[in-house]
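The structure appears right after this line, and notes come after that.
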Number of protein chains: 2
Amino acid sequence: MKSYGQYCGLARALDVIGDRWVLLIVRELLDGPRRYAELLDGLPGIATNLLVDRLRSMETSGLLTRQQDGRYALTSRGEGLNDVVYAMGRWAGPLMLRPSGNDAFRSHWFRHMVVVRFEGADPRRGNLVVEIHSGDEPMTLISAGGRVHMVRGRVDKPDIVLTGPPEGVVGVIVGVLPPAEAAARGISIGGDARKLKRLRPARRSVPATATAKAPEAPATA
Amino acid sequence: MKSYGQYCGLARALDVIGDRWVLLIVRELLDGPRRYAELLDGLPGIATNLLVDRLRSMETSGLLTRQQDGRYALTSRGEGLNDVVYAMGRWAGPLMLRPSGNDAFRSHWFRHMVVVRFEGADPRRGNLVVEIHSGDEPMTLISAGGRVHMVRGRVDKPDIVLTGPPEGVVGVIVGVLPPAEAAARGISIGGDARKLKRLRPARRSVPATATAKAPEAPATA
DNA sequence: CTGCATCCGGGCCGATACTG
DNA sequence: CAGTATCGGCCCGGATGCAG
């Protein structure tokens, strides 16, 4: 992509990560090193030449390296994009209620979509294990020690089992879709749905990122 | 731009803000409503048709509205992108040391570049007024009440006056360029340069954003 | 089978000229 | 001042080929 040619932080960042697919490749690699075929599967819709082009340019711009085993891994600089990816994921919250429809979906994307909503530790958060069946592989949400994690696969004795389209699963987990209405969205809930409240103890929808704005501008109140 | 067609927060966000120039338009409007000609001046390099195209599509996607006076203003949804813009600006820190060279520059961009480095209130931060001459108009940095602001124009009796290329000004302010070496970078400092330390009281280079990563990451599987 | 490289059509981007 | 029109070129996307 052509450089913006502006001495500005945002513009210089976009010169590096503004190309199409770049941030989605970062998303995939934030889960750990991946090989070419795994990336191709995790990035439905990308053309093979574009994937290679991006991997090359991201390597020269210092976002990733190629390991001895041939897998691609983020550099520390690339991992620094975690905050950018999560800021965008948080902003996208309202967009996720729209049904997935024909959109492609991979189960491991749940990790970012969910963790972004439960960032930080909250000691009042209860322990909970939720098994999720949506997409190409089972995933398990684990709330423990005040933090929420998400791992591939299943674990023994989940408290709840969720099955259905991804937007319904996300809605139930983040609490915008009441369990009573979940069935109408194609979600089936195994176990005691009331336990889901443990994930959101008090009234803390926004994790106190403290959007320190300058004093002019209309300030979103 | 074509949609990624993925049910993923990052992908859906990029479907809306991934188009070239969109985030830079947001950057301009984060300073408040602007008219067409002002945007054109604040976005050196953009073609007039592209600016119009972006303004139209950003209006239909709910990022901005047109006021009665014809000026363009961010909606609350658009202002929500503040965190995204700042996350990228923070990540771009290391990229800003490279000289501006032939890059275009507008003085009001200092606001984002500087505020992003002093986000949040720190009661130990001292009061300071720095007048800056770099680019197309004078700017003034004001540290008061533990917060750092940046305003257009000049105020009476600044403590320090900085003049020179933008990368030198940024370097001196954030502290990576010692005042003793500033002259070699074309920076002239009026007043007592030691007062600049007031801006960075303790050893807090990173504002404790607490990059909460999941514990699995390396995933050698 | 994995990991690319090449080719080509279409659309978006960028620069300039022009208009109410 | 605030756009509209036009056109060349580059990037993107999909298909296909091919070497280890």
Side-chain angles (χ1 to χ4, degrees), chain A residues 1-6 8 10-11 14-29 32-61 63-73 102-104, chain B residues 1-6 8 10-12 14-29 32-61 63-73 102-104 221:
Chain A
M1 178 182 289
K2 189 183 172 186
S3 164
Y4 283 109
Q6 298 184 359
C8 156
L10 180 63
L14 288 170
D15 283 344
V16 179
I17 62 172
D19 259 326
R20 199 163 160 77
W21 294 106
V22 168
L23 279 180
L24 295 187
I25 292 172
V26 171
R27 172 194 71 191
E28 292 300 307
L29 292 178
R34 290 290 121 100
R35 54 182 68 260
Y36 180 86
E38 293 172 316
L39 289 174
L40 210 52
D41 179 69
L43 296 163
I46 197 174
T48 59
N49 57 345
L50 280 188
L51 177 54
V52 172
D53 282 358
R54 293 299 179 270
L55 291 172
R56 296 284 172 274
S57 61
M58 289 169 73
E59 191 172 1
T60 62
S61 55
L63 298 184
L64 56 80
T65 54
R66 195 147 186 202
Q67 300 182 145
Q68 306 85 332
D69 59 6
R71 295 193 302 176
Y72 297 90
N102 291 330
D103 283 1
Chain B
M1 180 181 288
K2 190 183 174 186
S3 165
Y4 283 108
Q6 298 184 359
C8 155
L10 181 63
R12 287 206 166 174
L14 287 170
D15 283 344
V16 179
I17 61 173
D19 260 326
R20 200 164 159 76
W21 293 107
V22 167
L23 280 179
L24 295 187
I25 292 172
V26 171
R27 172 194 70 192
E28 293 299 307
L29 292 178
R34 291 290 124 99
R35 55 182 70 259
Y36 180 85
E38 293 173 315
L39 289 174
L40 210 52
D41 179 69
L43 296 162
I46 197 174
T48 59
N49 58 344
L50 279 188
L51 177 54
V52 172
D53 283 356
R54 292 300 179 268
L55 290 172
R56 297 284 172 273
S57 62
M58 289 169 74
E59 191 173 0
T60 62
S61 56
L63 298 184
L64 55 81
T65 54
R66 193 145 187 205
Q67 301 182 143
Q68 305 85 333
D69 60 4
R71 295 193 301 174
Y72 297 90
N102 291 330
D103 283 1

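Numbered from 1 within each chain, the chains take letters A, B, ... in sequence-line order.
When all heavy atoms of A:Ile17 and A:Leu23 are compared, the closest pair comes out as O-CG, 4.1 Å. Minimum interatomic distance between A:Leu43 and A:Ile25 (heavy atoms only, all atoms of both residues): CD1-CG1, 3.6 Å. Minimum interatomic distance between B:Asp41 and B:Pro44 (heavy atoms only, all atoms of both residues): O-CD, 3.7 Å. Considering all non-hydrogen atoms of both residues, B:Arg27 and B:Gly42 come closest at NH2-O, 3.2 Å. The two residues A:Arg35 and A:Glu38 make their nearest non-hydrogen contact at N-OE1, 2.7 Å. Between B:Tyr4 and A:Trp21, the shortest heavy-atom distance links the atoms OH-N, 3.0 Å.
In this structure, the side-chain hydrogen bond (donor to acceptor under 3.5 Å, both in side chains) partners of A:Asp15, at least two apart in sequence or on a different chain, are A:Ser3. With sequence neighbours excluded, the residues satisfying salt bridge (Lys or Arg N to Asp or Glu O under 4.0 Å) with A:Asp103 are B:Arg12. Residues satisfying the side-chain hydrogen bond (donor to acceptor under 3.5 Å, both in side chains) criterion with A:Glu59, sequence neighbours excluded, are absent altogether. For A:Asp69, the side-chain hydrogen bond (donor to acceptor under 3.5 Å, both in side chains) criterion is met by A:Gln67, A:Arg71, not counting sequence neighbours.
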When you compare the protein's N or O atoms with those of nucleotides 3-5 of chain D, which come within less than 3.5 Å of each other, and at what distance?
| residue | atom | partner | partner atom | Å |
| --- | --- | --- | --- | --- |
| D:dG3 | OP1 | B:Arg56 | NH2 | 3.3 |
| D:dG3 | OP1 | B:Arg66 | NH1 | 3.3 |
| D:dG3 | OP2 | B:Arg66 | NH2 | 2.9 |
| D:dG3 | OP2 | B:Tyr72 | OH | 2.7 |
| D:dG3 | N7 | B:Tyr36 | OH | 3.4 |
| D:dT4 | O4 | B:Thr48 | OG1 | 2.6 |

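Note on B:Lys2: every side-chain N or O is 4.0 Å or more away from OP1 and OP2 of D:dC11.
For DNA chain C, the span of nucleotides reached by chain A at under 4.0 Å from its heavy atoms goes, 5' to 3', from C:dG3 to C:dA15.
No side-chain heavy atom of A:Leu10 sits less than 4.5 Å from a side-chain heavy atom of B:Val26. Residues B:Leu39 and B:Leu29 meet the side-chain proximity criterion, which asks for heavy atoms closer than 4.5 Å.
Summary for the helix from C:dC1-D:dG20 to C:dG20-D:dC1: the axes at its two ends, each from 5 pairs, differ by 30° when rounded to the nearest 10 degrees.
Nucleotide D:dG13 holds its P atom 12 Å from the CG atom of A:Leu43, rounded to whole Å.
In this structure, A:Ala37 reaches the sugar-phosphate backbone alone: every heavy-atom distance under 4.0 Å involves primed, P, OP1 or OP2 atoms, never a base.
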Identify every side-chain donor-acceptor pair in residues 46-56 of chain A under 3.5 Å, counting partners at least two apart or on other chains, and give the distances.
| residue | atom | partner | partner atom | Å |
| --- | --- | --- | --- | --- |
| A:Arg54 | NE | A:Arg20 | O | 2.8 |

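Less than 4.0 Å separates DNA chain D from no heavy atom of any residue of residues 14-27 of chain B.
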